[in-house]
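The figures here come from the full heavy-atom set of this structure, side chains too, leaving out hydrogens, waters and symmetry mates. Here is the naming used below: chain letters follow the sequence lines, and residue numbers restart at 1 for every chain. Computed from a predicted model, the values in this text were never measured in an experiment.
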Amino acid sequence: MLTLTQIREQAAPVLAGLQKKHFAGAEAALAEAVALDDRRKAAQLELDTLNARANALAKEIGGLMKAGQKDQAEAAKAESSALKTQAKDLEETLRTTEQALQQLLYTLPNVPHPSVPPGRTPDDNEVVEQVGTLPELFNGAEPHWDIIKRLDLIDFELGTKITGAGFPVYKGKGARLQRALINFFLDQAQAAGYHEILPPIVVNEASGYGTGQLPDKEGQMYQIPVDGLYLIPTAEVPITNLYRDHLAKREDLPYKNAGYTPCFRREAGSWGAHVRGLNRLHQFDKVEIVQVQLPENSYPALEQMCAHVAGLLQQLELPYRRLRLCGGDMSFASALTYDFEVFSAAQKRWLEVSSVSNFETFQANRLKLRTKTEDGKTQLLHTLNGSALALPRIVAALLENNQQPNGHIHLPKALWPYTGFEKI
RNA sequence: GGAGAGAUGGCCGAGUGGUCGAUGGCGCUCGCCUGGAAAGCGGGUAUGCCCCCAAAGGGCAUCAAGGGUUCGAAUCCCUUUCUCUCCGCCA
């Protein structure tokens with residue numbers, strides 16, 4: 001959520017930023033926000049003045065009663081009662097104005113960083129780097145969904161039977177590979193200084209608002225209406241919300257947390273071609289890294305997180321590229337996002353396996369996550385997160401890129417201690 | 001799920017209708033004292049919003065949350081949430 005200070009004091013860059021994100025009606029929305037805020041302040045001032053008078057009267061009455069000046073006390077009571085009626089109306093005005101302002105602010109996306117390229121679609125994303133050589137497969141090489149079936153690693157039909165499409169059942173070495181990857185990613189995160197968290201995988205409504213899933217994107221989450229809870233779409237939600245309503249001590253920063261969770265996404269309306277096999281699922285596993293940083297350190301931290309992700313992909317010996325997302329392709333809450341994609345040799349496609357973002361103060365403002373500056377002023381912190389990494393497409397690439405003419409799959413060395421086997 | 005008790009500032013804890021944003025202690029911090037430290041002494045130490053260019057200063061709100069009674073509520077009443085104890089159920 002943008003702050004009123006941003007909207008008022010950086011009007012031109014904010015407007016340009018919203019336009020870069022292709023937010024329709026940006027100019028009118030910003031003007032409306034300022035107008036609502038003006039109304040809010042006016043109502044607040046009026047109400048405060050009124051309350052100040054009422055408080056003064058209440059104090060007087062005590063004295064008058066003691067002094068036995070009953071008539072004057074009664075007169076003061078009458079005035080105080082009248083003030084109270086007025087205050088009720090003002091409180092109502094203030095409440096509705098604040099609510100309208102809040103609702104409006106919820107609809108405004110974050111302002112992108114100056115380095116974000118313009119553009120609307122994934123084609124406009126900028127390739128920052130590409131690392132590793134694209135593998136040449138032998139004749140008759142299979143896409144991962146055929147490999148999975150032939151080696152009985154993952155059973156999609158069984159998943160459909162017990163739950164529904166997009167909920168795979170991992171079996172044998174397929175299951176073991178999941179566990180190996182999770183442990184590998186967590187160990188790597190720990191080595192990079194992240195504190196391990198195992199959070200709940202359902203969250204309440206307040207947490208959904210904190211990280212920006214709510215309002216608006218509830219259609220993307222599985223819901224438990226009887227209890228008002230949501231299945232998490234990513235560990236970012238519970239781990240970032242650890243710091244909701246939090247005033248951080250400066251010397252404790254940064255916070256660096258990593259956590260494994262299953263992730264649940266309804267993916268309403270996004271099924272079609274190109275989503276076979278592991279390319280898109282309703283439930284998948286992911287290790288997420290999350291940082292809370294002082295504003296001046298957040299962009300170096302973003303680079304550090306990207307380096308961490310790149311290191312994982314190199315150890316897994318997967319060719320990858322890093323993209324800087326364009327204004328139209330980045331998420332609502334992000335100021336700058338890098339996507340990492342691995343090359344899936346049999347599909348001959350790049351698959352997104354990680355998304356690393358700096359949200360600047362956008363989430364912190366919703367979360368009320370702050371610190372004090374040296375001179376005692378309150379300051380919003382910056383939040384960042386990144387996948388490190390999401391499993392399914394990593395598995396797809398590992399299977400496709402490392403398949404041998406004899407039908408086996410060779411696993412990268414880094415995983416051997418975790419799998420207990422070198423090939424499948 | 002049933003019965004009871006409770007929720008106060010970073011922490012502990014006092015406060016049962018009137019100058020209480022809240023005694024006191026701990027912690028933290030600044031100063032004095034000291035060769036230095038400890039002890040001791042003195043000061044400071046919540047959050048949000050608003051007025052103000054800013055600072056200084058001031059106002060309002062907040063004692064789990066929401067509502068009510070009252071001129072006035074941490075204190076009385078109602079609702080909700082959470083915590084603890086006992087019982088029930090249970091990986």
> Given the rule in the ring pair (Phe, Tyr, Trp, His ring centres under 6.0 Å) test, do A/Y209 and A/Y106 qualify, once you have shown the distances and angles that lead to the verdict?
Replying inline: CA-CA 9 Å; A/Y209 276 94; A/Y106 275 143; 5.3 Å; yes

>> Can you give me the closest heavy-atom contact between A/V116 and A/G327, atom names plus distance?
In response: CG1-N, 3.4 Å

>> Can you tell me which residue among A/E196, A/H195, A/E288 is in a side chain to side chain contact (heavy atoms under 4.5 Å, CB included) with A/N257?
In response: A/H195

> What string of B, S and - do you get for nucleotides 52-58 of chain B 5' to 3' if you count protein non-hydrogen atoms under 4.0 Å?
Replying inline: -------

> Which part of the nucleic acid does A/K372 contact within heavy-atom distance under 4.0 Å: base, sugar-phosphate only, or nothing?
Replying inline: sugar-phosphate

>> Centroid separation under 6.0 Å, is that true for the rings of A/Y255 and A/H246?
In response: yes

>> Between A/E92 and A/R95, does any side-chain N to carboxylate O distance fall below 4.0 Å?
In response: yes

Anything under 3.5 Å between a protein N or O and an N or O of nucleotides 8-11 of chain B, put it in a table, one pair a line.
none

> So what does A/A76 touch, heavy atoms closer than 4.0 Å: a base, only the sugar-phosphate, or nothing?
Replying inline: nothing

>> Given 3.5 Å as the limit, does a donor-acceptor pair link the side chain of A/R244 with the main chain of A/K368, or not?
In response: no

> Among B/rC60, B/rU47, B/rG48, which nucleotide sits nearest the side chain of A/L247?
Replying inline: B/rU47

> Which part of the nucleic acid does A/T49 contact within heavy-atom distance under 4.0 Å: base, sugar-phosphate only, or nothing?
Replying inline: nothing

>> Considering only residues two or more places apart or on different chains, which pairs with a residue in residues 351-361 of chain A satisfy side chain to side chain donor-acceptor pair (under 3.5 Å)?
In response: A/S298-A/N358, A/Y299-A/E360, A/T337-A/S357, A/D339-A/S355

> Where along residues 36-46 of chain A does a heavy atom fall under 4.0 Å from RNA chain B?
Replying inline: A/R40, A/K41, A/Q44, A/L45

> Tell me: CZ of A/R370 to C1' of B/rA46, nearest whole Å?
Replying inline: 11 Å

>> I want to confirm an ordering. Mapping A/L47 and A/K77 to their closest nucleotides on RNA chain B, which one lands closer to the 5' end?
In response: A/L47

> Does NZ or CZ of A/K286 come closer than 6.0 Å to the centre of the six-membered ring of A/Y260, within 45° of the ring's axis?
Replying inline: no

>> Would you say that A/L411 contacts A/E422 through its side chain, given a criterion of any heavy-atom pair below 4.5 Å between the two side chains?
In response: no

> When the nearest nucleotide of RNA chain B is assigned to A/E98 and to A/A78 on a heavy-atom basis, which residue is associated with the more 5' position?
Replying inline: A/E98

>> Tell me if the aromatic rings of A/F332 and A/F362 count as close, with their centers under 6.0 Å from one another.
In response: yes

Contacts under 3.5 Å, N or O only, protein and nucleotides 61-64 of chain B:
from	atom 1	to	atom 2	distance (Å)
B/rA61	OP2	A/N55	ND2	3.3

Collect all protein-nucleotide pairs involving nucleotides 72-75 of chain B in which both atoms are nitrogen or oxygen and the distance is under 3.5 Å.
from	atom 1	to	atom 2	distance (Å)
B/rG72	OP1	A/K84	NZ	3.3

